[in-house]
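The model shown is predicted, which means the values in this text are computed figures rather than measured ones.
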Amino acid sequence: VRALRWERREQDAAGGGAAAAPFGTFPVDLTKTRLQVQGQSTDARFREVRYRGMFHALFRICREEGGRALYSGIAPALLRQASYGTIKIGIYQSLKRLFVDRMEDETLLINVICGVVSGVISSALANPTDVLKIRMQAQGSLFQGGMIGSFIDIYQQEGTRGLWRGVVPTAQRAAIVVGVELPVYDITKKHLILSGLMGDTILAHFVSSFTCGLAGAIASNPVDVVRTRMMNQRAIVGSTELYRGTLDGLVKTWKSEGFFALYKGFWPNWLRLGPWNIIVLSVQEQC
């Protein structure tokens, strides 16, 4: 009973941390989306390279669209994090308890398996909110309608498939991100504490969070580029599907734009994942 109550508290704490994080990181996340969709040689509307980097994107969006545009898509983002973050960390912690009872007994393999499973399940369930968030971010002021009306419109125009567009690369990205981030966080924190360098303090949580954010950004960015473009493609090119799947998207992007196109938006991706993990995991730990 005590273990079940502890898992429930961890899930509640995870939900609070996940809901708090987007407010601090959302403008950076928006620049990531804009950088990832630009320069597509196969789509006329996003062929132009408008932003030279994260800071240039921030300034240009503020100048041309206003400061509020930096928070385009914040409503579905909050809904996504309240569901995705809670489910992800709740499943991850619950699965770990099936294998081990103490932090000292955890291994990298166990943490990776639990991370992959929790990432796939949670991201697949929250996919509709991700679709709407990305479309609102990519199109900015051109996007019309509120959150509920937009969900209904996507369903009416594209069906259930539209709400779950890009779910495969989303699940793949989540498997990579969660399969890398949470195990790296746990292992880093474990060694910092057991080595005596730091106690189980907010400083150890900060270092572990920032480290896992870097690892997650490096591992997931190529799939994240394809995922972003697939979720946005229906809204910008009608019924034409530019990418048939993750591998097709990776190959086409590499061939038409070069290898480093797969790392478009890397800096805002890392600068988002770093603070995001610091906020979510630190709030969870403190709660």
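A donor-acceptor pair under 3.5 Å is absent between the side-chain atoms of Thr253 and the main chain of Leu250, judged by distance alone.
Heavy atoms from other residues, nucleotides or ligands lying under 6.0 Å from CG of Asp101 number 12 at most.
Taking a 4.5 Å side-chain heavy-atom cut-off between Ile, Leu, Val, Met, Phe, Trp and Tyr, the cluster of Val251 extends to Leu247.
Applying the ring pair (Phe, Tyr, Trp, His ring centres under 6.0 Å) definition to pairs two or more places apart or across chains, none involves residues 118-174. Listed by first then second residue, pairs satisfying ring pair (Phe, Tyr, Trp, His ring centres under 6.0 Å) with a partner in residues 203-222 read Phe210-Trp270, not counting sequence neighbours.
In this structure, Met147 and Thr129 have side chains that are not in contact, with every pair of non-hydrogen atoms separated by 4.5 Å or more. At least one side-chain heavy atom of Arg244 sits less than 4.5 Å from a side-chain heavy atom of Lys252. In this structure, the side chains of Asn111 and Lys96 come closer than 4.5 Å at one or more pairs of heavy atoms.
Val112 is not connected to Val223 by any chain of hydrophobic side-chain contacts under 4.5 Å among Ile, Leu, Val, Met, Phe, Trp and Tyr, and they are in different clusters. Hydrophobic clustering keeps Phe99 apart from Leu108 (ILVMFWY residues linked when any side-chain heavy atoms are closer than 4.5 Å, directly or through intermediates). Both Ile148 and Val131 belong to a common hydrophobic cluster when Ile, Leu, Val, Met, Phe, Trp and Tyr are linked at side-chain heavy-atom distances under 4.5 angstrom.
Checked for salt-bridge contact, Lys190 and Glu106 miss the test: no charged N lies under 4.0 Å from a carboxylate O.
Leu214 CG to Ser209 OG: the interatomic distance, rounded to the nearest 0.5 Å, is 13.0 Å.
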